[in-house]
Amino acid sequence: MTRLSLKKIPTILWFFGAAVLAGSIYMETSSLMETEGLFWTANTVMIALFTYYGGFYGGILYLLLLSGIYLVTGIFSTPNDLSVQNLFPYVIGLFISFSIGILGWKIRTNEVHLNKLFENNDITFWTWDLENDEHTFSEGYAKIYGVTRESIRDNPYHWKDVVHPDDKYMLMDAHEQQKAGKKTNITYRFFHSSGEVRWLQDSATPHLDRNGIVTRVDGVILDITNQKQAEQKMNQLIHYDSLTGLTNRVWFKNYLDTALISTNKYGRSVAVMFIDFDNFKRVNDTLGHSAGDQLLIRIANRLKSFLRESDIVSRQSGDEFLVLIENRNLDEIEQLAKDIITKMNEPYSINSTEIISTPSIGISINLDYEDDAEALIKKADFAMYLAKENGKNNYQFYNDELNQKMKRKMILETYLHKAIELNELTVHYQPQFDLASYHIVGAEALLRWECEMGKIPPDEFIPIAEETGLIIPIGEWVLRQACQDVKRFKANGLETFPISVNISTRQLMAPNFIERVQTIIEEEQVNPKLLTLEITESAFLYYEDAKENILALRNLGVGVSLDDFGIGYSSLSMIRNIEIDELKIDRSFLNDSIKNNRVRSLLEAIIQIGKKINTKVVVEGIETKEQIDILTVYDVLGQGYFYSKPLPIEEFEDWCLQAKKKAKSF
Ligand code: C2E
Ligand code: MG
Ligand code: MG
């Protein structure tokens, strides 16, 4: 019932309408009352027709025009006729013709809609007359199948011939069900006349006669190719890794879960290999991301190339891949791990650079037939970490010992989340000495954690904190604590010396690290010169990003020390590129230099390097008088158990005050 409906009134009807109305005016004004009945009938017919074509507004329009004429002409010519009794039959007549028009209009519009539906490109309605075994289709058939109407007449079973061979059984099965009086709804593929494989959805309803026998089946076929293609695209996006074309972790987990249902039930073996490629991060950082991407593609292809068809390779994330192997014994699995290591050790040539990316493999097997996919993947992941710890480029099976380790790690992880809140963290201090003058020149803040599980060594909980990201709040807590202790030492009469705080790489690379350090220093109101931040060499793997942060730290006024110097792989190139304030020589140099002259020469050389580039040199791990004797000639700083172990703050303060007295009495 829109105004637009008026446009649907045929022009000829406007002419007739105008003629009848004009006739009515003439009749009214010239009092030709004998033709009144004729015109009245003509007007009611007009109202019905105008409503039929123009809908509600069409009828109303005509009614208004008619009423207008009778009001203007009728009132002046026959005023007495306007009584209610006189008008009543007219009003009833008009109402009836208007209603008939509306009814007709509704039927007509519905029919138009229905026709449109039948002519729709993607739909065809069909009927199957079972008595004559005859199929008839609506117009849409030709469009859907890409054929002409004539060709259907020539081959009434064309629709059957073009069904995809793999889906034919579905159609046959549906026909059987329809014959048995059941409704069906199936989706199948067919070959379009262009050769393209397209998708149809075919729903059918059987009609039964009074005896319950199916005489006819009515159905509708929809071309759902676009919908299917969109689904497939989504599927691709959800389940495939766009870079390597391999399936992704979501798919792998779902697949493994399904596979485990039957393998666990029938006691067959399933092994998951978690493969992480060593040095990948370095490739990315030194040769750029596109080289990194190329390497990943090559790794994926190489992995696929020598695994069996039935083995599955998926990309977990970054440089981590998952392999699923079914029905193989332990020896075969181990052999495969060895093969992977051998094959993956061959170099790749990317952008004319030869790259070797060795694999570290963790393997878990469904030995107890209880694990779900998540658990198996986690175990393989954990075993992979052990492979890394054991020097990378090797494989490790998940075993009971690992199980205990993993459980402990998981428990510690949960406890560590609450460590700050529960006041379980403390900082111990270990003094640093000027070996020549026997003066305290600094102290290293070393974090300690005691929880329900007892005292946990930093080497165990720091990696967990780094992995979980907890190192960020914990590291800030240590830094703030150190700032407060700087003030406390001064208040308690200790000599003034800088405190060294260990900073993990993850902290250093955190986006707002510099601002956080600055805020803490400002809030605690300490002189930044009294803080030294110790950074390990691993930070320099991320050299480009680390460089700016180290510069910014030095601009804040804090000292930067390179911890465990000499054991990383690029010690020299680092100090070549970044100015630092202090070198802390790893304790292994001093330890080995007693028995090994070569190491001793190296230690001397490193000390000389430090002196030449004007940094402080601290030797770690001094434990014996013999070691001190080696070092005194070099005028270096030292730290170690020989002087003092790291001490709780009160003990450390007492120790320092005692040392101060001793120094005075010298
Ligand atoms: P590090 O920074 O190299 O610290 C020196 C480690 O050597 C300390 O171990 C210290 O107790 C130990 N040590 C000192 N003198 C001797 C000695 O004469 N002989 C021997 N054998 N060892 C000595 P600790 O306290 O167990 O800390 C281990 C590592 O944990 C530290 O190595 C550091 O990398 C990390 N760490 C400790 N506290 C923190 C912290 O607050 N934040 C971060 N990110 N790491 C920390
Ligand atoms: Mg340190
Ligand atoms: Mg160290």
Side-chain angles (χ1 to χ4, degrees), residues 416 419-420 424-433 435 442-450 455-485 498-510 513 516-517 520 531-539 546 553 558-568 571 580-594 616-628 630-631 637-649 651-652 655:
L416 197 58
I420 297 183
E424 292 173 346
L425 299 176
T426 45
V427 175
H428 284 195
Y429 287 95
Q430 188 180 33
Q432 290 172 351
F433 276 91
L435 297 192
E444 180 171 9
L446 291 156
L447 187 58
R448 296 292 176 260
W449 179 33
E450 186 167 1
K455 286 182 180 167
I456 316 295
D459 288 334
E460 187 174 8
F461 75 81
I462 296 284
I464 299 177
E466 284 175 341
E467 238 172 76
T468 51
L470 283 170
I471 194 68
I472 309 277
I474 289 177
E476 281 188 13
W477 181 87
V478 178
L479 190 61
R480 196 176 282 279
Q481 196 62 43
C483 289
Q484 288 169 2
D485 292 342
I499 291 184
S500 300
V501 176
N502 291 286
I503 297 295
S504 91
T505 309
R506 178 123 190 220
Q507 275 175 280
L508 181 70
M509 309 308 279
F513 177 65
R516 293 299 302 150
V517 173
I520 292 171
L531 278 180
T532 301
L533 301 190
E534 292 191 7
I535 293 155
T536 48
E537 284 187 60
S538 69
L553 279 179
V558 298
V560 172
S561 167
L562 202 47
D563 204 355
D564 307 331
F565 186 79
I567 51 165
S571 311
I580 43 144
D581 303 280
E582 181 183 280
L583 275 190
K584 277 189 97 171
I585 304 175
D586 191 73
R587 69 166 170 267
S588 59
F589 283 94
L590 185 60
N591 220 2
D592 298 346
S593 60
I594 301 289
K616 283 196 266 177
V617 177
V618 183
V619 182
E620 287 189 296
I622 304 174
E623 291 181 351
T624 62
K625 180 78 178 63
E626 202 184 354
Q627 288 172 335
I628 295 197
I630 296 175
L631 293 171
L637 310 178
Q639 179 183 339
Y641 292 169
F642 179 79
Y643 298 104
S644 165
K645 288 203 163 186
L647 298 169
I649 187 153
E651 287 180 41
F652 174 74
W655 196 94

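Note that ligands are numbered from 1 as they come in the structure, with each ligand's atoms numbered from 1 the same way.
Side-chain contact between Pro458 and Leu446: absent, with no pair of heavy atoms (C-beta onward) separated by less than 4.5 Å. Counting heavy atoms from C-beta on, the side chains of Ile464 and Ile456 never come closer than 4.5 Å. In this structure, Phe461 and Leu447 have side chains that are in contact, with non-hydrogen atoms separated by less than 4.5 Å. Using a 4.5 Å heavy-atom threshold, the side chains of Ile462 and Asn502 count as separate. Ile420 is listed as a side-chain neighbour of Leu425, based on a closest heavy-atom distance under 4.5 Å.
Note on ligand 1: Lys584 sits outside its first shell, no heavy atom being nearer than 4.0 Å. Residue contact annotation: Pro646 has a non-hydrogen atom under 4.0 Å from ligand 1. In this structure, Arg448 has a heavy atom closer than 4.0 Å to ligand 1. No heavy atom of Glu466 sits closer than 4.0 Å to any atom of ligand 1. The shortest heavy-atom distance from Gln639 to ligand 1 is not under 4.0 Å. Residue Pro457 places no heavy atom under 4.0 Å from ligand 1.
Looking at every heavy atom in both residues, Leu479 comes nearest to Leu531 through CD1-CD1, 4.3 Å. Of all non-hydrogen atoms in Pro431 and Trp655, the two that sit nearest each other are CG-CZ3, 3.7 Å. The two residues Gly469 and Arg506 have their closest heavy-atom pair at N-NH1, 3.5 Å. Across Glu620 and Asp586, no two heavy atoms sit closer than the pair OE1-CA, 3.7 Å. Taking every heavy atom of both residues into account, Lys584 and Ser561 meet most closely at CG-OG, 3.6 Å.
One of the N, O or S atoms belonging to Glu534 lies under 2.8 Å away from the Mg ion (ligand 2). Residue side and main chain included, Thr536 places no N/O/S atom under 2.8 Å of the Mg ion (ligand 2). Residue Glu444: an N/O/S atom is found under 2.8 Å from the Mg ion (ligand 2).
Between Tyr429 and Phe652, the angle of the ring planes lies from 30° to 60°, which puts this pair in the tilted group.
Evaluated for a side chain to side chain contact (heavy atoms under 4.5 Å, CB included) with Thr536, the options Leu508, Asp563, Ile503 yield exactly one hit, Asp563.
Counting heavy atoms under 4.0 Å from ligand 1, residue Glu444 touches it through the side chain alone. At a heavy-atom distance under 4.0 Å, no atom of Ile474 approaches ligand 1. With a 4.0 Å cut-off on non-hydrogen atoms, Asp563 touches ligand 1 through its side chain and not its backbone. The proximity of Asn502 to ligand 1, defined as any non-hydrogen pair under 4.0 Å, involves the side chain as well as the backbone. By the criterion of a heavy-atom distance under 4.0 Å, the side chain of Gln430, and not its backbone, is placed next to ligand 1.
Of the candidates Ile462, Leu508, Leu425, it is Ile462 that places a heavy atom closest to atom 46 (C) of ligand 1. By heavy-atom distance, the residue among Leu479, Leu446, Ile503, Val478 lying nearest atom 10 (C) of ligand 1 is Leu446. Taking each of Tyr641, Tyr643, Phe642 in turn, the one with a heavy atom nearest to atom 16 (C) of ligand 1 proves to be Tyr641.
Looking at ligand 1, you'll find an N or O of Leu447 within less than 3.5 Å of one of its N or O atoms.
Gln430 and Glu444 are not linked by any side-chain donor-acceptor pair at a separation below 3.5 angstrom, with hydrogens and angles left out of the test.
Residue contact check: Glu620 has heavy atoms under 4.0 Å from atoms 3 (O), 5 (C) of ligand 1. Heavy-atom proximity to Gly640, at under 4.0 Å, picks out these atoms of ligand 1: 15 (N), 18 (O). In summary, the atoms of ligand 1 found under 4.0 Å from a heavy atom of Glu623, numbered by their order in the structure, are 17 (C), 18 (O), 19 (N), 20 (C), 21 (N). Of all the atoms in ligand 1, the ones that sit under 4.0 Å from a non-hydrogen atom of Asp459 are 28 (C), 29 (C), 30 (O). Near Gly621, with a cut-off below 4.0 Å to any heavy atom, the atoms of ligand 1 are 16 (C), 17 (C), 18 (O). Distances below 4.0 Å separate heavy atoms of Pro458 from the following atoms of ligand 1: 24 (P), 25 (O), 26 (O), 27 (O), 30 (O).
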Taking it one step at a time, do Ile649 and Thr426 satisfy side-chain contact (heavy atoms from CB on, under 4.5 Å)? CA-CA 9 Å; Ile649 187 153; Thr426 45; over 6 Å; no
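The N, O or S atom of Asp563 with the smallest distance to the Mg ion (ligand 2) is OD2.
For Ser593, the side chain to side chain contact (heavy atoms under 4.5 Å, CB included) criterion is met by Leu590, Val599, Arg600, Leu603, Ile630, not counting sequence neighbours.
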